[in-house]
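Quick note on labels: first sequence line is chain A, next is B, and so on, each numbered from 1.
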Amino acid sequence: MKQLFAFIRKEFYHVFRDKRTLLILFGLPVVQIILFGFALNSEVKNISITILDNAHDNNSEQIINRIKASDYFVIAKPVTGYADIEEQFKRGNIKCALIFPQNFTADMVRSGKVQVQVIADGADPNTATILVSYITSIIAGYQQQLNPGARLGYLVVPEIRMLYNEEQNGSLNFIPGVIALIFMIVSTALTSVSIVREKELGTMEVLLVSPFNPIMVLIAKAIPYLILSIINFIIILLLSVFLLHVQIKGSLLLLFAESILFIITCLSLGLLVSNVTNSQQTAMLFSMMGMMLPTLLFTGFMFPIENMPWIFQAISHIIPSRYYFIIIKAVMLKGLGFSYVWKETLVLAGMSVLLLAVAVKNFKIRLS
Amino acid sequence: MKVLRFILRKEFRQIFRDKTILAMMFALPIVQLIIFPLAANFEVKNVNVAFVDYDRSTYSQKLLNKIASSGYFRIVGNTISYNDALHMIQKNEADVILEIPHGFERNLVREGMQKVNMSVDAINGTKSTIGGGYLTAVLADFNSSLDINIKSPNSSVITPAGSIGVTYSAWFNPLEEYKYYMVPGILVLLLTMIGGFVTALNIVREKEIGTIEQINVTPIKKWQFILGKLIPFWIVGIIVFTVGLIVMYLVYGIFPKGSIALLYLFAAVYLVALLGFGLLISTFSNSQLQAMFVAFFFMMIFMLMSGFFTSVDSMPAWAKQISTLTPVTHFITVVRLIVLKGSGFAHVKTELLYLVIFAVLLNSAAIINYRKTS
């Protein structure tokens, strides 16, 4: 036992010696939380729109005023015609153009039907779809005001309730994903270098000739990073609660237990990588460049997994962060208990045991 | 000039010696460029709807059919109570609950208006929010079909004094296929990751191995050393970019609408800026681990702020400024403009100015920060 503590202390010295890495380790989550919390949102607003008003009458101007008044649009400088619209699109100045025909009001009164034209920038299809629905609803609102007494046919009106997120706090959507992403990459990368570095530097030999159980070496390697990751987790939680007003609905104890389990899974993966690679460079390129995109893709917080081709759906099942993402959402945001997440917990536990077992088996106690 | 030639020969030998890294530089981006757009898809399909029908009437059945046939939804249960549906949301089996109250049909015919409850799992990211929007659109469509179907005498519909229709077209991508948006962006990201990570590791490795001291005692100038590091990776970058363009055409059928020469001009300047940044990190770091973590930190910010995932327009002012100070933002914008819209030089010359400034600043910083004496 005393030996183990001495080893853990040695590992801590290694960690604390490299101040810059430590700074990044704690800085990365903080910066990410701030960026995601305040800068990035899937909401679409401030879209530059240009208006080609061939009518210049009362109705067209009223609609333009409504568009101006909404948060969604910023009116760009007016255009002279279709060629000019294309020019503005090519400069990237506008995302959308709204065109009123001549005799807008006259046609509206005479024939009872009139069309406005919307041209959206199809190069960004998501924004295009959303802004068209904005414009349609602004115009529908104007029409409602024109004919206050009129009944627009039969109406089935949806009343929308936002479950788990009444205030529509955008942070709730990404916090679980960011936590999963950070642990998956940082924890794995840290441990993946730990053993291979000793191999490169030659200090591994010293460890191997000491009267010390090789499994203990692995455990001693993992413990400092486990503690660092837990501190990181606490920082992220505090930031989410106090800065982004995320409410933790479920049991804090369960949340911690599940997170520690996930961190252990990642550390085991890192140890395995470290055991099978021969240079720090390979270990790092694998655990950072190799893992970054798959984690981003297959955790499910950016792109819905159900829409992917089946082969990717199958791959996503071996990515540990996918399970943790489900667990943390259920416990933290939905306030559900263990009975809802026992399956995912079991998968993570199984992965940890398997990865650790393979890592131990691959841990060579002889130099070849 | 002769000195530079010798440095270049040395650097090329080092690159070609390490076959794993060489393979990784070319294979990784190509494989990811092929795979990523297939998986990274914001298009929302298969939204799981729990349909709770307390009315069980002809019209509620019609509504159900309408939703099921729209192609976006999957009905995951329709004989259940609201509590059962909520349970399905908790277990991630459903994304949206649509609840049809008792007397739906009766109220609709008599009063012409009926509310239905829609409960969206609002922490499920894009899927539920967009799915909820689609469902609202399907309801609107349902409403207009009702006008034709219901012909009861006391519900004559008053045509309003003028209805304004909206016609809609999407230029540059009429079918609104998502790949046109994704693929050019991914190409830029991969080029950035390769260039950034590999150069960030480069000088610091010479420091760790100790070979940098041999260079330091020679009369090689600082700028020659940095240029010698830059040129080989610049060539690698241009090759990766070319291969990426070919993959883009062969796999996704996307051929640049604008001038290819212009595209290469931007790529050339961008690579100088990017590699300068990698080299700056490398001169600044003491170990490969450190260089990798610092590079990772910035890559993450570049990726998130560049407008690749979320639109820059929607960001708050301070975030827009960070985004402007990120070279990737300008290059992604330009590549999308040239490839998708066929913009010419006059349209994008400000972006070129930005990239030139980045290239000069970052490389000067790298040259200044590289010290021959410690």
Max heavy-atom pairs within cutoff under 4.5 Å with chain B, candidates A/Met308, A/Gln117, A/Met284, goes to A/Met284

B/Tyr168 and A/Ala128 have their tightest heavy-atom pair at OH-CB, 3.8 Å

Shortest non-hydrogen pair, A/Tyr340 vs B/Gln90, comes out as OH-OE1, 3.0 Å

field: Verdict with reasoning, B/Asn286 to A/Arg20, per side chain to side chain contact (heavy atoms under 4.5 Å, CB included)
entry: CA-CA 9 Å; B/Asn286 298 322; A/Arg20 273 182 210 165; 4.0 Å; yes

Given A/Asp121, A/Val186, A/Ile63, the one with more heavy-atom pairs under 4.5 angstrom with chain B than any other is A/Asp121

### Query
Within a radius of less than 6.0 Å around CZ of B/Phe297, do more than 12 heavy atoms belonging to other residues, nucleotides or ligands occur?
yes

Assert top hit (heavy-atom pairs under 4.5 Å, partner chain A, pool B/Ser343, B/Ala319, B/Ser285) equals B/Ser343

Side-chain touch B/Ile35/A/Phe312, heavy atoms, less than 4.5 angstrom
yes

Max heavy-atom pairs within cutoff under 4.5 Å with chain A, candidates B/Pro316, B/Ser323, B/Ala346, B/Gly344, goes to B/Pro316

Interface check, chain A: of B/Arg336, B/Glu99, B/Lys91, B/Gln32, most non-hydrogen pairs under 4.5 Å belong to B/Gln32

Scanning both residues in full, the closest heavy-atom pair of B/Asn173 with A/Pro125 reads ND2-CG, 3.9 Å

If you tally heavy-atom pairs under 4.5 Å between each of A/Val132, A/Ile139, A/Leu333 and chain B, the highest tally belongs to A/Val132

(request) Would you confirm whether B/Ser169, through its side chain, and A/Ala120, through its main-chain N or O, come within 3.5 Å as a donor-acceptor pair? (result) no

Exercise for review: Answer yes or no: is there a donor N or O on one side and an acceptor on the other, between the side chain of B/Ser314 and the main chain of A/Lys45, under 3.5 Å?
Suggested key: yes

Most heavy-atom pairs under 4.5 Å with chain A, out of B/Met305, B/Met303, B/Gln290, belong to B/Gln290

*Taking atom NZ of A/Lys249 as the centre, does the number of heavy atoms from other residues, nucleotides or ligands within less than 6.0 Å exceed 12?*
yes

Bottom line for B/Leu190: the part with an atom under 4.5 Å from chain A's heavy atoms is side chain

Between A/Ala123 and B/Tyr181 the two heavy atoms that sit nearest each other are O-CD1, 3.0 Å

task = Carefully, step by step, assess B/Trp171 and A/Glu86 under the rule side chain to side chain contact (heavy atoms under 4.5 Å, CB included).
result = CA-CA 9 Å; B/Trp171 280 6; A/Glu86 188 174 352; 4.1 Å; yes

Counting heavy-atom pairs under 4.5 angstrom with chain B, the leader among A/Leu190, A/Asp18, A/Thr136, A/Asp71 is A/Asp18

Checked A/Ile185, A/Leu98, A/Thr127 vs chain B; the most non-hydrogen pairs under 4.5 Å come from A/Ile185

In terms of heavy-atom contacts, A/Lys95 and B/Asp313 come closest through CE-OD2, 4.0 Å

Pair count under 4.5 Å, heavy atoms only, with chain A: among B/Met315, B/Glu351, B/Met299, highest is B/Met315

Determine whether A/Val193 and B/Met292 satisfy the following criterion, side chain to side chain contact (heavy atoms under 4.5 Å, CB included), listing intermediate values before the conclusion. CA-CA 11 Å; A/Val193 192; B/Met292 201 68 181; over 6 Å; no

Return yes when atom OH of B/Tyr72 has more than 12 non-hydrogen atoms of other residues, nucleotides or ligands closer than 6.0 Å, and no otherwise. no

Q. Between the main-chain N or O of B/His347 and the side-chain N or O of A/Lys90, is there a donor-acceptor pair closer than 3.5 Å?
A. no

Whatever's closer than 4.5 Å to a heavy atom in chain A on B/Phe298 counts as neither

- salt_bridge(B/Asp121, A/Lys334) N-O dist < 4.0 Å: yes

Looking only at B/Ile89, B/Val334, B/Leu63, B/Leu86, the option with the highest number of non-hydrogen pairs under 4.5 Å against chain A is B/Ile89

